[in-house]
Structure formats: C-alpha cells, structure tokens
Novice: 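First, the structure itself, so that you have it in front of you.
Throughout, protein chains are lettered first and strands after them, A, B, ... in sequence-line order, and every chain is numbered starting at 1.
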Amino acid sequence: MSGPSTYEPKTGVTRWLDSRMPIVRLGWDSFVDFPTPRNLNYWYTFGGILSVCLVIQIVTGIVLAMHYVPHVDMAFASVQRIDRDVNYGWLIRSIHAVGASMFFLAVYMHIFRGLYYGSYKAPRELLWILGVVIYLLMMAAAFMGYVLPWGQMSYWGAMVITNLFGALPVIGQPVVEWLWGGFSVGNETLNRFFSLHYLIPFLIAGVVGLHIWALHVPGNNNPTGISVKTKADTLPFHPYYTTKDGFGIVLFFIIFAFFVFYWPDALGHADNYIPADPLVTPSHIVPEWYLLPFYAILRAVPNTLGGVVLMFGAIGVLFILPWLDTSKVRSMRYRPLARWFFGFFVIACLGLGWAGAENPDYPVPGLGAIGVDFLLMGRVLTIYYFAYFLVILPVLGFVEKPKARPASIEAAVLEEAAARKGRASKAAQPAPAE
Amino acid sequence: MTDVNPSPEGQGPDGHEAEPTRRDFIYIATGGAVAVGGAFVLWPFIDQMNPARDTLALASIRTPFSELEAGEQVTVMWRGGPVFLRHRTEAEIAAAREVELASLPDRDSRNENREGSPASDENRSALAAEVAEGVEIDEGLRTALIVMKANCTHLGCVPVGEAGDYNGWFCPCHGSHYDTAGRIRRGPAPENLHIPPYTFVSETTIQIG
C-alpha cells in the first residue's frame with residue numbers, strides 16, 4: 001500500500017531537511033497519511049499498545065539499572081533498596097515488573113487477533129515471522145529479567161530452564177556449563193543475564209522496526225480479510241487511527257495502573273521475596289503466568305529431551321503457520337468451521353496455562369472423579385495445540401465451505417452501518433403489543 | 001578464474017575472460033582473510049563464557065564425614081552446588097541391595113570414581129571411592145556412606161531426603177523418586193543422582209573433586 005509520497009515540505013527548514021535526509025517525509029508517509037483500512041476494530045489497537053509497552057520497559061529498565069547491583073551477594077538487597085529507599089523506586093520497579101506482564105497480555109491479544117483474522121497469510125508471511133521472532137526475544141528478555149532479583153524463584157527458574165539444554169545429547173553438559181560460566185547457576189550467570197537482559201530490548205526495537213516496515217508494504221490486514229482495492233476502503237492513519245489507538249492505550253493504562261498501584265505482586269510469585277538459596281528448592285516451582293502454557297507442554301512428555309523439543313516446537317510451528325493454513329479465505333468471520341476450532345484453540349491455550357500452574361498429580365476440579373489429573377489435561381491440550389496447526393488448519397482449507405464475503409471493505413462497512421440503522425429505527429418504534 | 005569482479009582490463013580482445021587480475025586476487029584474499037579471521041575472533045567471544053580459571057580452581061573441597069551417625073545426612077557446597085553425604089542405616093542398605101539391576105531405569109552407576117560400572121549398591125556407595133595410601137577406613141562405614149551431587153538429574157532441583165515411594169530422595173519439582181542408593185526409580189529424571197569424584201584423604205575427611 002506504500003504508494004507515492006504525499007508529503008510536501010512547507011517551510012524553508014523542512015525543505016532543506018527533506019533534500020538531505022527525508023526523515024519527516026518518512027514519518028508523514030508512515031504515520032500520518034498512511035492509508036489504513038477503514039474497518040479496523042479495537043483488536044487492532046494492540047500493535048500501538050505494544051510499542052508503548054516496549055518504550056515503558058526500556059525507560060524504566062534503564063532507570064532500574066542505575067540502582068541495581070548484579071552480584072549474588074547484593075542483587076536481592078539492591079532490589080529491596082530500590083523498593084524501600086530509592087526515591088520513587090517502588091513505583092519504577094512496579095511499573096517494570098507489572099509492565100512485563102502487561103507486555104505479554106498485549107502480545108497474546110495481538111497474536112490471537114492475527115490468528116483469527118488470518119493476518120499471517122500471503123502477502124504478510126514475513127510480517128508474521130518477524131512477529132514470532134519478537135515474541136521469542138520477549139520470552140528470553142522476560143526470563144532473564146526474572147532471574148535478576150535473585151530470589152528463590154529467580155534462582156530455581158534459572159536452574160530449571162538452563163538445565164533444559166542439558167537434555168541435548170552429548171553436548172548437553174558442556175553447553176549448560178557454558179551458559180552458567182561455572183558448575184552451577186552462580187554469580188557469573190547472574191552477570192551475563194543482566195548484560196543480555198539489557199541488550200535484548202534493543203534487539204526487539206530493531207526487529208519491531210522491520211516488523212513495521214514489513215507491515216507498511218502490504219498494509220494492514222482487516223477484520224474482513226479482504227485486501228484494500230480503492231481509496232474508499234481506507235482512511236489516513238492520522239487522525240483516525242492515532243485517536244483510536246490512543247484511546248485503546250488509555251484504557252490499557254487503566255488496567256496497567258490498577259496493578260501497579262493496588263496489586264503489584266499479584267502477577268508474581270511470593271517465593272521470589274525469599275533470597276536465592278542453592279540448598280533448598282521451593283516445593284512448587286512455576287514460571288511467570290505468561291510462560292505457563294509452554295511449561296505444561298514441557299511436562300506433558302515423560303522424556304526430558306522430548307519435552308524440550310515439543311516446547312520449542314510449540315513456538316517453532318508458528319514460523320511455518322503461513323504455509324500450514326491452506327484456506328484461501330483470510331478472516332475467520334467467513335470460515336464457519338475454522339472459527340470454532342479457533343475458539344477451542346484459545347481455550348486450549350488457557351487450559352495449558354492452568355495445567356502449567358498446578359501440580360501435575362492433582363485432580364482437575366470437577367473431573368477428578370473420572371481420573372483426570374492436570375498431567376492428563378496438559379497432555380490432551382498439548383495434542384490439540386499441535387493438531388490445530390498441523391492437522392486442522394491444513395485440512396480445513398480443503399473441506400470447509402466459506403461463507404459469502406462482501407465485495408470490498410467499503411461494502412462491508414456500509415452494509416454494517418445499514419444493519420445498525422435498521423436496528424435503531426426498529427427500536428425507536430413502539431412495540432406492537434403496547 | 002572468476003567473474004565476480006570484472007575489470008576493464010579483464011576482457012580479452014575477443015570478449016572472453018582474460019587471465020585473473022590483481023583485483024581478483026585482492027578480492028578473494030580479502031574475503032578469505034575475513035572468513036578465517038572472523039572464525040578466529042569468534043572463538044574468544046564464545047569461550048569467555050566458559051568457567052573462568054578461578055572458578056575451575058575452586059573445584060575441590062575437603063569435608064569431614066566420620067561424625068555422621070547412621071541415618072544422618074549433611075549437605076556441603078561443592079562447585080557452587082550442593083552435595084549430599086549420607087550415613088545410611090542397615091535397613092536402607094538392605095533395601096538398596098534387594099533391587100534387581102535389570103529393573104532399574106538407569107543401569108549405569110553414574111559414579112565418576114568407577115566410570116561405566118553397573119548401578120549396584122556397591123558401585124554407588126563409598127566402597128567405590130579411592131582411599132589414600134596409609135589411610136584405613138572401616139568397610140562397614142564405606143558401605144553405609146553415600147556421597148552424591150544433590151541436583152536432580154531432570155532439571156537440577158534439590159531432592160528431599162527420606163521421602164518418596166522408595167524412601168530415598170524425592171524431587172518436588174517434577175516428582176522424581178530415587179531409592180536409598182540415589183538411583184532413579186520413577187519420574188521424569190533420566191539418570192541416577194551423579195556421584196562426584198572423591199577420595200578418603202584421612203580417617204575423618206574426604207576430598208571432593
């Protein structure tokens with residue numbers, strides 16, 4: 001959709017700049033006059049929300065690094081000092097810690113939206129793949145960040161995750177010792193995690209740049225999944241979507257602020273307020289909520305290597321998704337079967353998260369009587385997770401009969417407006433019985 | 001030789017490629033130097049993450065063992081991780097010796113003092129450890145003593161002693177059950193608890209590592 005530029009520098013300064021480095025032109029074409037489908041709903045505001053999340057994490061993170069000490073003897077105390085003694089340290093750390101959860105909340109909305117409206121399909125495959133890369137980097141950054149406070153969950157989370165690489169045949173143990181820089185998780189490990197935790201957000205920012213670049217070539221997908229055909233299908237990004245995104249961001253901030261100010265530890269784990277102790281493992285180790293589904297997949301396999309392969313495979317399968325979904329129809333609005341399977345997929349992901357949080361031997365409430373424990377539940381949902389990508393989406397493209405689609409985005413919007421008007425005038429008439 | 005960098009003088013009078021020029025040579029030599037040099041420079045940046053020399057230097061400790069009573073266990077730190085020293089009871093030894101080796105999930109002793117030996121109780125206990133010259137240790141004590149790295153072979157958690165289905169060790173993280181010789185019996189752990197290299201250096205002390 002990136003057509004010829006419509007930017008016209010009006011002042012001497014902008015003309016001078018434009019002929020040397022057309023940065024204002026780039027901004028204008030990307031975020032002001034950028035033609036955007038006119039029917040984007042609020043599910044499409046999460047891209048903007050995520051950009052804001054990244055900026056928040058970087059700004060608060062840089063500030064926290066001014067007070068944090070990456071040493072095993074001082075890390076825990078320095079985090080306590082940030083909370084208690086540093087001016088507004090409690091606020092900044094709370095924003096950073098809650099911000100990580102909010103970032104993942106938004107990214108999951110963003111990913112599910114992409115899955116539902118078929119945003120991964122041609123010509124947006126690369127856009128989707130870059131998004132999966134960002135998601136992987138986010139998980140790495142979040143994991144390493146969680147290690148830094150050097151509480152019990154930090155230490156044992158680091159131990160369990162790094163030991164996953166020990167499951168690799170032959171090279172496993174050398175790789176784990178290379179990651180640790182010693183014979184156990186220790187000071188060396190903490191130091192390098194701090195260094196990498198500082199690096200990764202900037203890598204993310206770089207890939208986000210590519211992600212937006214790849215977005216601005218084909219332009220946004222939209223809830224109908226129909227490509228933009230004429231100018232009547234679009235609106236300029238500003239002021240229409242700057243306003244809509246801005247409104248979404250403000251609503252998001254309300255939830256964000258609620259956690260920051262009233263429930264800052266709700267999304268973490270109490271055990272992380274116990275200093276790391278290499279001699280005592282907490283009785284129940286769980287990752288942060290946003291990684292729980294993958295933890296459930298890891299535990300679903302009785303063999304360590306198999307579990308690790310499956311866990312990474314759960315993300316790996318997203319990379320090839322554009323070629324797994326065989327349907328020609330992008331949006332699931334017009335896919336009567338696919339939308340059901342998608343609904344079950346969302347439930348499966350939530351269920352995997354639940355299974356990951358619980359002890360695998362415990363019975364599932366309500367299903368315990370028929371012998372269903374969380375391990376079995378995790379296994380069934382893991383099978384569905386993979387079947388959705390590897391069986392259901394490839395097969396559905398051949399067997400499903402999609403519903404009729406509107407002729408254009410404009411037609412879809414007008415049709416919807418007419419229907420709304422019809423409902424309104426019907427409601428205005430007195431009910432016949434009165 | 002190559003058409004990567006055609007030069008004005010690279011074309012012969014008949015329009016065919018002439019002999020390679022100095023530019024071709026420089027192009028390939030530079031590319032080769034970058035590739036080989038890059039590989040050489042990469043290694044220090046990878047290897048710096050491996051355990052440093054001071055970390056390696058801390059790789060052995062000495063610890064007393066003789067004061068442990070039957071049924072007692074201590075945990076010592078070695079190489080940044082915990083190690084169990086347990087003086088087992090007669091009942092525990094008997095239970096460990098009753099097991100048929102063929103029924104074990106991991107039949108290797110995982111004992112660095114006796115590499116590749118079968119996972120019998122003898123090979124797991126301190127009978128397998130070396131005794132320094134001139135030192136005499138009671139055989140019964142060596143039979144009863146077991147020294148193991150205290151990290152579950154699944155994902156590294158510290159198992160709890162005198163617990164689990166086999167009354168040995170139980171890992172709370174993912175439910176691995178070890179018997180009284182520290183051998184995996186049930187659960188996701190793939191291997192028996194590892195036994196570090198150690199030696200009886202006196203009547204009262206062992207050196208680990």
Side-chain angles (χ1 to χ4, degrees), chain A residues 72 152 155-167 169 172-193 195-196 276-286 295 298-308 359-362 373-375, chain B residues 43 45-61 73-84 105-106 110 112 149-161 163-165 169-177 184 186-191 194 196 208-209:
Chain A
V72 288
Q152 274 290 66
Y155 182 89
W156 291 102
M159 181 69 99
V160 167
I161 301 297
T162 50
N163 261 312
L164 293 179
F165 293 93
Q173 200 54 32
V175 165
V176 172
E177 284 179 9
W178 178 74
L179 288 171
W180 287 339
F183 302 106
S184 183
V185 174
N187 196 48
E188 289 279 338
T189 323
L190 178 62
N191 256 289
R192 63 191 53 181
F193 278 18
S195 171
L196 294 172
D277 183 354
L279 297 179
V280 182
T281 308
S283 59
H284 187 43
I285 298 186
V286 282
Y295 194 56
L298 172 75
R299 290 199 303 200
V301 189
N303 170 291
T304 319
L305 182 60
V308 173
N359 188 319
D361 294 334
Y362 286 177
D373 58 13
F374 280 103
L375 181 65
Chain B
W43 177 245
F45 284 87
I46 293 172
D47 192 40
Q48 51 84 22
M49 280 175 67
N50 275 317
R53 283 187 214 173
D54 62 338
T55 311
L56 293 170
L58 289 176
S60 76
I61 59 152
Q73 174 175 316
V74 291
T75 310
V76 296
M77 289 294 278
W78 176 64
R79 289 175 158 190
V83 172
F84 289 146
D106 179 17
R110 303 289 164 194
E112 289 190 45
K149 289 190 203 172
N151 294 108
C152 180
T153 56
H154 182 223
L155 295 172
C157 301
V158 178
V160 181
D165 291 358
W169 286 267
F170 171 69
C171 181
C173 291
H174 305 96
S176 292
H177 299 258
I184 181 65
R186 191 164 86 78
E191 293 173 5
H194 291 187
I208 306 175

Novice: So which atom in B:Val158 and which in A:Thr281 form the shortest heavy-atom distance, rounded to 0.1 Å?
Specialist: N-OG1, 2.6 Å
Novice: Roughly how far, to the nearest 0.5 Å, is CG of B:Asp54 from CD of A:Glu188?
Specialist: 7.0 Å
Novice: Considering non-hydrogen atoms only, spot the tightest contact between A:Asn163 and B:Leu155 and give its length.
Specialist: ND2-O, 2.9 Å
Novice: Between chain A and each of B:Gly156, B:Pro82, B:Ala150, count heavy-atom pairs under 4.5 Å; write down the option with the most.
Specialist: B:Gly156
Novice: Can you name the closest pair of heavy atoms from A:Met159 and B:Asn151 and give their distance?
Specialist: CE-ND2, 3.9 Å
Novice: If you apply the rule side chain to side chain contact (heavy atoms under 4.5 Å, CB included), what do you find for B:Leu56 with A:Phe183, and how did you get there?
Specialist: CA-CA 9 Å; B:Leu56 293 170; A:Phe183 302 106; 3.5 Å; yes
Novice: Given that the side chain runs from C-beta out, which part of A:Phe165 has a heavy atom under 4.5 Å from chain B: side chain, backbone, both or neither?
Specialist: neither
Novice: Any side-chain heavy-atom pair from A:Val160 and B:Cys157 closer than 4.5 angstrom?
Specialist: yes
Novice: Work out which heavy atom in B:Gln48 is nearest to a heavy atom in A:Arg192; give both atom names and the distance.
Specialist: O-NH2, 4.3 Å
Novice: Using a 4.5 angstrom heavy-atom cutoff, name the option from A:Gly186, A:Ser184, A:Pro360 with the most pairs to chain B.
Specialist: A:Ser184
Novice: Which residues pass the side-chain contact (heavy atoms from CB on, under 4.5 Å) test with A:Asp277, not counting sequence neighbours?
Specialist: A:Gln152, A:Leu279, A:Val280
Novice: Please look at A:Pro278 and chain B and tell me whether the side chain, the backbone, both or neither of the residue comes under 4.5 angstrom of a heavy atom of that chain.
Specialist: both
Novice: Write down the atom of A:Ile285, the atom of B:Cys173, and the distance for their closest heavy-atom approach.
Specialist: CD1-SG, 3.4 Å
Novice: Compare every heavy atom of B:Pro172 with every heavy atom of A:Pro282, then report the nearest pair and how far apart it is.
Specialist: O-CG, 4.4 Å
Novice: Rounded to the nearest 0.5 Å, how far apart are NE2 of B:His174 and CG of A:Asn359?
Specialist: 10.0 Å
Novice: Which bit of A:Trp178 comes within less than 4.5 Å of chain B, counting heavy atoms only: side chain, backbone, both or neither?
Specialist: both
